[in-house]
Chemist: 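Sharing a structure here in structure tokens format.
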Amino acid sequence: MRILIATAQVPFVWGGAEAHAEGLRAALCKEGHAAEIIRVPFKGYPPQRIPEQMLACRLLDVTESCGAPIDMLIGLKFPAYLIPHPNKVLWIVHQYRMAYELWDHPLLGELIHFPAGRQVRALIHAADRQLIPQARAVFANSQTVAGRLKRDCDIDATVLYHPPPHAEQFACTACEEYLFFPSRLNHLKRQALVLRALAHTRLPVRVRFAGWADEPGYLRELQRLAGDVGVARRVEWLGLVDEEEKRRQYARALAVVFPPEDEDYGYVTLESMLSSKAVVTCTDSGGPLEFVLHERTGLVVDPTPAALAAALDRVWGAREQARAWGEAGRARYDDLAISWRTVVRTLLA
Amino acid sequence: MKLSWFSPLPPAQTAVAQYTARLLPALCRQATVTLWTDQMDWDAQVEEYATVRRYDPDCAQWAELNRADMSVYHIGNSQFHGAIWRVSREAPGVVVLHDVRLQDLFRSVHQESEQRAEYLDVAEEFYGVRGRNAASDFWRDTLPSAYMAARYPFTPLAVAGALGVVVHTRESYLAVKRSSDCPLVHAALPHPLAAPRPRRSWAPPYRLILFGYIDWNRRLNEVLQALALFPERGRLRLDVYGQLFNTEDARARVRALGLDGLVTLHGFVPTTQLDAALAGAHLAINLRSPTMGEASFSQLQIWAHGLPSLVTPAGWYAALPGEVVAFVRPEHEQADLHAHWYALLADPERFVRMGEAGRRHLDAHHTPAAYAHAIIGLAAEAQRCRADAAARQLADRAATEMSVWLPPAASPEVFRQAATSIALLANGGRDGDA
């Protein structure tokens, strides 16, 4: 089949959703299909731009190319999943979160600060409710995303997990003296929470952060915070690392700390499990909670500096326990049978 | 429901401020209300019912406003409503029209010289080149307000983009219906009954009262002239309360007509003082010619006090039942006023009955509870219109963009796909093309 994967991309921002699209394309090609990704550039401000981009998507005709039909469209992200196609399947990575659970978020609420915010939000809600169910099937990449679809739009979606990129290349080697936190640097990933937690630890816990800031200046903000709370000498900022280096950092870490706020899915959790590493996450972290079992494959604690500090001390001080939880995490990943083959067969069924 | 309520507040010298103050008890029983004002001060009494917040129309607190379910904007034909209108343009909500003729408001909104071009453009958009020319003359004060009111009232500018509109008269309803397709409600202007007081003494001299914002259309000059020529004028007293269109001119006229002992110009007074005056008066004179199409809050105050009244048979007043008011025809003020005053002197009981009937009429048709219920119902309906409003803006944007590269004679078919797609985004296309 000739299959298009429709996604949206904020230019120069690359994260899990972009890797997700690439992984799907590779998997479809591996199964013998011709697959391409179309990326709609997205800019969420001022709010009036959003309906225009929604309309632009609706006006696209991707039913055929050079006279030959395009057999299927797989929509991943807002507003690209609004592109019409007679054989459309949605595998939703996330909706436009500023119009839903992040509407009134103290740091990330955007639409709410504009006079036209409520109207634009209403249009997004209306379009999602009307147009998502028109797809032949609706999948979500995690229970967290499916739960939001049900809660906010009363739309049922089937959860469909997929492996992180290069899943087969993750490994575990001798542990070194650090916890690893690989992720884009932004408010939702909550690197700042980890810095504040480090200030409360009893043990000399060290953390390596890998990833680049979405917004210029945010790295400096975090570094300033680390200095302010007195933990600058216990953290390292690796910046953007390539995939191979990232896997190396996973392999040698003592454990992984990943406490985002309401993460959609979170490759970090799965990559940690593949690397046989215990994961410390939080009770409001969303996607990771679908995989991390408290005191069996890691720790799930309240999103407060004190609670997180206690968890960090625990994995830092009980190395053998952390190692055992990491191995249990790897076994759990294998039990879940997450594979691209399953994904492709499910989407194309 | 949480409402953001944009209105003048007491002590602002406008009836809309009184309207809000008197509606609040009933409204706040049915909704959580935040009062938004650009005034520097307000009567503490309103804070018994609602939180008061100040706003700057150039830098409003959008997040706080967006957390409410609906903004309600009160628009009338005076400078008190300019800032409110500006916010309503940015963040659409429900518009309550206190006047349907808004020529003075929009001239005051565009009074700075650099805003003249925008004012004229708007006039042309709604009324064509003739409207533009008239607006230009009006802006330069070479055309009277009455001319603009009759021909170019700028009503569409007040309701453009609104999610819902409340009007208080049938005339306003028809006028708005012509220029807007948003949900529209005709609700009778509310006023609570005044607390019962001992029956006033019905013996001469009888106290006549004329109050409110005494603009050029309130016929004060005609009333003064009629009083000066009334043979039994010594048995009457006239009290005038409120801001006068031209105080010095009025004082001079009172003197010139020899009415110094009979007429008192009190100026603007606090609500309690006005209430006391209404309670002690025998007959209210509440003329409007021409009418601006509004329902009269003053008339409701008159009825609340069981006071008989004389009104002009025009606009909203013309449809009032004969037992609750008596009519004074425009351009026949002297003859009609004399007839009513003779009747008052001869048969005061008839006017007592008129006042009582007015009070019953108020209680039957103008309760704050019913009005608050209507506002909240409309706000709920307006919430459901937000997506449609966003779609209309999107349609405007698409049309503007396409008009750049499409020839003027392009087939409507060219627009069909865009229109259909916009309708689908907003409502699944159930209402047809956007």
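So that the names make sense, note that chain A is the first sequence line, chain B the second, and so on, each numbered from 1.
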Chemist: Over all heavy atoms of both residues, which pair between B:A91 and A:P115 is shortest? Give the atoms and the distance, please.
Modeler: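 Looking at all heavy atoms of both residues, the closest pair is CB-O, 3.5 Å.
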
Chemist: Decide yes or no for A:R118 and B:Q383: does some side-chain heavy atom of the first lie under 4.5 Å from some side-chain heavy atom of the second?
Modeler: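 Sidechains of B:Q383 and A:R118: in contact.
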
Chemist: Atom CD of B:Q417 and atom CG of A:D61: how far apart are they, to the nearest 0.5 Å?
Modeler: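 Taking CD in B:Q417 and CG in A:D61, the distance rounds to 7.5 Å.
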
Chemist: Does any backbone or side-chain atom of B:A60 lie under 4.5 Å from a heavy atom of chain A? Answer side chain, backbone, both or neither.
Modeler: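 Contact with chain A: none, neither part.
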
Chemist: Counting only heavy atoms closer than 4.5 Å, note whether B:E64 contacts chain A via side chain, backbone, both or neither.
Modeler: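 No part of B:E64 comes within 4.5 Å of chain A.
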
Chemist: Considering only heavy atoms from C-beta outward, does the side chain of B:L425 approach that of A:L82 to under 4.5 Å?
Modeler: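 Sidechains of A:L82 and B:L425: in contact.
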
Chemist: Using the side-chain contact (heavy atoms from CB on, under 4.5 Å) definition, which of the options A:L55, A:V120, A:I50 pairs with B:L394?
Modeler: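 For B:L394, the side-chain contact (heavy atoms from CB on, under 4.5 Å) check succeeds only for A:L55.
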
Chemist: Find out whether A:Q119 and B:L163 are in side-chain contact, i.e. whether some heavy atom of one side chain is under 4.5 Å from a heavy atom of the other.
Modeler: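 Yes. Closest side-chain heavy atoms under 4.5 Å.
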
Chemist: Let me confirm one number: the OG1-CZ distance from B:T420 to A:R58, rounded to the nearest 0.5 Å.
Modeler: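 If we round to the nearest 0.5 Å, B:T420:OG1 and A:R58:CZ are 10.5 Å apart.
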
Chemist: Where is the tightest heavy-atom contact between A:A126 and B:A387, given as atom of each residue plus distance?
Modeler: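 Taking A:A126 first and B:A387 second, the nearest heavy atoms are CB-CB, 3.9 Å.
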
Chemist: Which heavy atom in A:L59 sits nearest to a heavy atom in B:S421, and how many Å separate them?
Modeler: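 Taking A:L59 first and B:S421 second, the nearest heavy atoms are CD2-OG, 3.4 Å.
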
Chemist: Would you mind reporting whether A:I112 and B:R67 have side-chain heavy atoms less than 4.5 Å apart?
Modeler: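 Counting from C-beta outward, B:R67 and A:I112 do come under 4.5 Å.
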
Chemist: Can you confirm whether more than 12 heavy atoms, excluding those of A:E215, are under 6.0 Å from its CD atom?
Modeler: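 At most 12 heavy atoms, drawn from other residues, nucleotides or ligands, come within 6.0 Å of this atom.
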
Chemist: What is the minimum heavy-atom distance between A:F114 and B:N66, and which atoms define it?
Modeler: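 Where A:F114 meets B:N66 most closely, the heavy atoms are O-ND2, 3.0 Å.
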
Chemist: Report, as yes or no, whether the 6.0 Å neighbourhood of atom NE2 on B:H186 holds more than 12 heavy atoms from other residues, nucleotides or ligands.
Modeler: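 For B:H186, atom NE2 is crowded (more than 12 foreign heavy atoms under 6.0 Å).
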
Chemist: Is it the backbone or the side chain of B:E401 that comes under 4.5 Å from a heavy atom of chain A, or both, or neither?
Modeler: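 B:E401 has no heavy atom closer than 4.5 Å to chain A.
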
Chemist: State, yes or no, whether a side-chain contact exists between A:Q48 and B:R397 at a heavy-atom distance under 4.5 Å.
Modeler: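 Contact flag for A:Q48/B:R397 side chains = no.
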
